[in-house]
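Comments concern the structure below.
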Amino acid sequence: MKFSEIPYQRLTVEQVAPQVEQLIAALDAATNGCEACEVYERYNALVVQVESTVALVYIRNHLDTTDALYAAEQDYYDEQIPRLTELLHGFATKLMLTPHLKALEDKYGEQAFRRTAIELRTFSPAILEDMQEENRLETQYTKLLASAQIDFDGGVYTLAQLAAFHVHADRDVRKRSMETKAAWFESHKAEFDELYDKLVALRTQMGRKMGYDNYLPLGYDRRARDCYGPAEVAKFRAAVVEHIVPVAHRLKREQAARIGADALTLFDDGFLYKSGNAAPIGTPEEIFANGKKMYHELSDETGRFIDDMLDMDAFDVLARQNKAGGGFCYSMSAYNLPFIFANFNGTSDDIETLTHEAGHAFAAWEAYKYPAEAQRNPTYDAAETHSMSMEFLTWPWMELFYGGQTDKFKQSHLAGALTFLPYGVMVDHFQHIVYENPSLSPQQRCDEWKKLEAIYRPWLDYDMPFYGEGRRWMGQGHIYTDPLYYIDYCFAQANALSVWALAQQDAADAWRRYYGFVSLAGTKNFVDLNHAAGLGDPFSAETLKRVATEALAWLDEQPKLD
């Protein structure tokens with residue numbers, strides 16, 4: 001079935017409630033493990049139906065934020081998802097108390113039920129209305145970004161489309177485009193401040209209702225973290241400061257010299273070569289044809305995967321008016337269909353996004369072999385390992401997309417992975433400060449961001465309106481809609497750099513380890529997945545030091561490009 005052919009019908013609490021009641025009664029009546037497993041399979045089918053319906057609405061609403069039907073349905077689910085969660089948690093609570101739990105663990109794995117135990121800590125009827133309001137505020141933020149209609153040099157652009165000018169070879173164009181973007185954010189900064197004020201206060205209230213001092217413990221549970229906590233995250237951030245920031249600073253100094261800039265301003269930050277950044281060649285149709293060739297040659301599994309994705313038209317990647325920004329992959333298990341959403345703008349981000357989101361989609365496609373949704377869904381750090389590693393594993397085919405600019409792309413991609421880490425942990429550090437100090441004023445939050453910039457990205461000159469006030473974080477959607485997510489990208493980037501290093505020695509071995517990691521889906525926690533695939537300790541300062549050293553040595557060996 002093609003994505004466009006998937007029928008939509010609203011799924012209501014009134015429809016789900018009696019089904020959950022029947023499942024609870026059946027579980028209570030189960031006399032042995034086999035009967036309990038049969039009830040669990042019926043429950044899993046209901047979870048798949050709920051999650052796939054919600055995902056379908058989310059995707060179609062993002063494809064056109066002005067579509068009245070799906071805008072209304074998104075509003076409906078913003079209100080009803082907490083109530084649906086309450087119903088499903090009612091069954092999950094009973095499930096964890098059943099005398100047949102051991103039989104369930106033997107069949108579906110202990111990890112599935114460890115995840116269930118964590119999920120039960122993320123909900124209480126006391127926070128139901130708060131969750132509804134949180135959903136509404138997050139949707140409001142997405143709509144605000146998508147509403148941008150920015151006049152620039154005779155055209156009208158969305159934020160995603162305008163981004164292509166931020167890496168233009170003409171420095172004046174870069175500067176003016178960034179100033180134009182800043183002016184749009186400046187005109188809406190009161191709205192961004194108000195939204196974040198409400199979200200921080202609301203999430204803090206939710207954490208306290210769940211018995212915590214602040215939002216952070218609840219936030220960690222919502223990210224399903226079962227093998228590390230804030231202490232490990234803080235150590236990782238410190239290791240990035242020690243081992244990665246100096247490397248990133250060196251790379252950025254070299255970039256400034258390469259493009260002839262005395263200081264690296266915000267509008268220079270993304271411009272990597274005086275001759276221009278590597279840009280993909282070919283039409284979207286040619287890019288997809290080359291993508292098909294690439295995935296067929298990478299492995300038998302990825303060949304079958306890309307055929308399925310293309311057959312189902314499971315992509316929407318072109319930026320356009322009223323389409324939400326960003327990129328993501330959403331899985332709809334009811335149809336064995338992952339869907340890739342992106343906003344191509346003619347930059348190298350197009351190919352990196354395509355390989356990144358294809359990594360997510362491939363992992364989802366592989367995971368459909370497991371019978372239970374809890375087995376299919378890895379934690380977020382593992383999921384980002386799927387995507388970020390795929391970006392590097394596809395390097396041997398980059399000439400299809402970049403032609404004579406392939407060396408430029410590879411060098412910028414690897415350097416970008418290193419320079420991303422300081423930004424990624426800074427986003428995480430900022431959120432920890434905010435949720436540990438929820439009474440901070442909007443100005444104080446911006447002051448904290450500026451302090452962190454000096455620690456994590458001391459090479460950047462922010463002397464321009466809006467951004468110079470420490471407000472860049474307002475455009476980082478995860479801060480609003482996916483709190484505490486960003487550190488998952490950072491752990492995954494460390495893993496992906498390990499995969500890259502392995503691939504330089506033995507590409508086949510790197511693929512085997514990656515596929516081993518992916519094929520386990522959500523059956524193990526993040527640390528155990530790493531050990532099973534032989535990727536090492538992602539939290540280790542030594543891992544960061546090693547991958548940084550190897551990446552820098554590789555970059556030093558490459559021809560110097562301008």
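The chain is numbered in sequence order, starting from 1.
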Quiz item: Would Lys323 count as a cation-pi partner of Phe341, with NZ or CZ less than 6.0 Å from the six-membered ring centre and within 45° of the ring normal?
Solution: yes

Quiz item: Between Glu138 and Arg203, does at least one N-O distance fall below 4.0 Å, as a salt bridge requires?
Solution: yes

Self-check item: Output field: ring centroids Phe392/His413 closer than 6.0 Å
Solution: yes

Quiz item: Counting only N and O atoms by type, is there a donor-acceptor contact under 3.5 Å from the side chain of Tyr77 to the main-chain atoms of Leu11?
Solution: yes

Quiz item: Are Arg60 and Tyr8 in a cation-pi contact, defined as NZ or CZ under 6.0 Å from the six-membered ring centre and within 45° of the axis?
Solution: no

Self-check item: ring pair (Phe, Tyr, Trp, His ring centres under 6.0 Å) against Tyr370, all qualifying residues, sequence neighbours excluded
Solution: none

Self-check item: Distance, nearest 0.5 Å, that separates CD1 of Ile81 from CE of Met131
Solution: 8.5 Å

Quiz prompt | Whether over 12 other heavy atoms sit under 6.0 Å from Gln9 CD | solution = no

Quiz prompt | Any residue meeting salt bridge (charged side-chain N to carboxylate O under 4.0 Å, His left out) with Asp268, in chain and number order, not counting sequence neighbours | solution = Arg171, Arg174

For residues 418-425, dump all side-chain donor-acceptor pairs below 3.5 Å to protein atoms at least two apart in sequence or in another chain.
from	atom 1	to	atom 2	distance (Å)
Thr419	OG1	Ala415	O	3.2
Thr419	OG1	Gly416	O	3.3
Tyr423	OH	Gln476	OE1	2.8

Exercise. State, yes or no, whether a side-chain contact exists between Thr180 and Tyr157 at a heavy-atom distance under 4.5 Å.
Key: no

Quiz item: Which residue, Ile281, Leu400, Ile351, Asp350, forms the side chain to side chain contact (heavy atoms under 4.5 Å, CB included) with Ile287?
Solution: Ile351

Quiz item: Is there a donor-acceptor contact under 3.5 Å linking the side chains of Tyr330 and Glu51?
Solution: no

Practice problem: Could you walk me through whether Phe3 and Tyr335 pass the side chain to side chain contact (heavy atoms under 4.5 Å, CB included) test, one step at a time? | Solution: CA-CA 9 Å; Phe3 173 77; Tyr335 309 99; over 6 Å; no

Practice problem: For the pair Glu357 (side chain) and Cys329 (backbone), establish whether a donor and an acceptor sit closer than 3.5 Å, ignoring hydrogens and angles. | Solution: yes

Quiz prompt | Ring centre gap for Tyr40 and Phe113 strictly below 6.0 Å | solution = yes

Practice problem: For Gln405 and Ala279, indicate whether the former's side chain and the latter's backbone hold a donor-acceptor pair under 3.5 Å. | Solution: yes

Practice problem: Specify whether Tyr489 and Tyr485 have parallel, tilted or perpendicular ring planes, treating 30° as the upper limit for parallel and 60° as the lower limit for perpendicular. | Solution: parallel

Quiz item: Roughly how far, to the nearest 0.5 Å, is NE2 of His89 from CG of Leu84?
Solution: 11.0 Å

Exercise. Decide whether Glu119 and Thr122 meet the rule of one side-chain donor and one side-chain acceptor closer than 3.5 Å.
Key: no

Quiz prompt | Value rounded to 0.5 Å, distance of CZ in Phe192 from CG in Leu145 | solution = 4.5 Å

Practice problem: For Thr139 and Arg136, indicate whether the former's side chain and the latter's backbone hold a donor-acceptor pair under 3.5 Å. | Solution: no

Quiz prompt | ring-ring contact (aromatic ring centres under 6.0 Å, His included) evaluation trace for Phe517 with Tyr514 | solution = CA-CA 5 Å; Phe517 188 103; Tyr514 171 80; 7.6 Å; no

Quiz item: For Lys143 and Gln140, does a side-chain donor sit closer than 3.5 Å to a side-chain acceptor?
Solution: no

Quiz prompt | Aromatic ring pairing Tyr480/Tyr141, orientation class (parallel under 30°, perpendicular over 60°, tilted between) | solution = parallel

Quiz item: Are Gln111 and Thr523 close enough that some pair of their side-chain heavy atoms sits under 4.5 Å apart?
Solution: no

Quiz prompt | Short side-chain donor-acceptor distance under 3.5 Å, Tyr228 and Asp381 | solution = yes

Quiz item: For the side chain of Gln558 and the backbone of Trp554, is there at least one donor-acceptor N/O pair under 3.5 Å apart?
Solution: yes

Quiz prompt | Residues forming a salt bridge (charged side-chain N to carboxylate O under 4.0 Å, His left out) with Lys408, sequence neighbours excluded | solution = none

Quiz item: Would a distance-only check, ignoring hydrogens and angles, find a side-chain to backbone donor-acceptor pair under 3.5 Å from Asn495 to Asn530?
Solution: no

Quiz item: Which distance, rounded to the nearest 0.5 Å, do you find between the NE2 of His356 and the CE of Met390?
Solution: 11.5 Å

Quiz item: Among all residues two or more places apart in sequence or in another chain, which pass the salt bridge (charged side-chain N to carboxylate O under 4.0 Å, His left out) test with Arg225?
Solution: Asp488

Self-check item: Distance-only side-chain donor-acceptor flag, Gln74 / Asp78, under 3.5 Å
Solution: yes

Practice problem: Return the minimal non-hydrogen interatomic distance between Ser177 and Leu162, and the atom names on each side. | Solution: O-CD2, 3.8 Å

Quiz item: ring-ring contact (aromatic ring centres under 6.0 Å, His included) between His62 and Tyr70: does it pass, once the steps are laid out?
Solution: CA-CA 9 Å; His62 274 62; Tyr70 288 105; over 10 Å; no

Exercise. Compare all side-chain heavy atoms of Leu337 with those of Ile6 and state whether any distance is below 4.5 angstrom.
Key: yes

Quiz item: Between atom CZ of Arg472 and atom CE of Met474, what is the distance when rounded to the nearest 0.5 Å?
Solution: 14.0 Å

Quiz item: Between Tyr295 and Thr355, is a side chain to side chain contact (heavy atoms under 4.5 Å, CB included) present by the stated rule, with each step listed?
Solution: CA-CA 10 Å; Tyr295 283 117; Thr355 55; 4.0 Å; yes

Self-check item: Thr543 side chain to Pro538 backbone, donor-acceptor under 3.5 Å
Solution: no

Quiz item: Measuring from Phe526:CZ to Asp528:CG, what's the distance to the nearest 0.5 Å?
Solution: 11.0 Å

Self-check item: Pair Phe328-Tyr58, ring-ring contact (aromatic ring centres under 6.0 Å, His included): steps then yes or no
Solution: CA-CA 11 Å; Phe328 59 78; Tyr58 182 87; 5.4 Å; yes

Exercise. Evaluate the side-chain proximity of Leu484 to Tyr215: yes if any heavy-atom separation is below 4.5 Å, no if none is.
Key: yes

Quiz item: Leu318 versus Pro284: any side-chain heavy-atom pair under 4.5 Å?
Solution: yes

Exercise. Considering only NZ, NE, NH1 and NH2 on the basic side and carboxylate oxygens on the acidic side, decide whether Lys369 and Glu301 come within less than 4.0 Å.
Key: no

Quiz item: For Asp313, what residues pass the salt bridge (charged side-chain N to carboxylate O under 4.0 Å, His left out) criterion, not counting sequence neighbours?
Solution: Lys2

Quiz item: Does a side-chain heavy-atom distance below 4.5 Å link Lys181 with Phe152?
Solution: no

Quiz prompt | Note, Ser412 side chain near Tyr273 side chain (heavy atom, < 4.5 Å) | solution = yes

Practice problem: Examine the side chains of His296 and Asp307 and answer whether a donor and an acceptor come within less than 3.5 Å of each other. | Solution: yes

Exercise. Measure the shortest side-chain to side-chain distance between Tyr220 and Val233 over non-hydrogen atoms and say whether it is less than 4.5 angstrom.
Key: yes

Quiz prompt | Whether Asn343 side chain and Ala324 backbone form a donor-acceptor pair below 3.5 Å | solution = yes

Quiz item: Would you say the side-chain atoms of Thr65 pair up with the backbone N or O of Ala146, donor to acceptor, closer than 3.5 Å?
Solution: no

Quiz item: Centres of the Phe315 and Phe288 rings: under 6.0 Å?
Solution: yes

Quiz prompt | Check: Gln505 side chain, Ala501 main-chain N or O, donor-acceptor pair, under 3.5 Å | solution = no

Quiz prompt | Pair Arg304 + Asp308: basic N to acidic O under 4.0 Å | solution = no

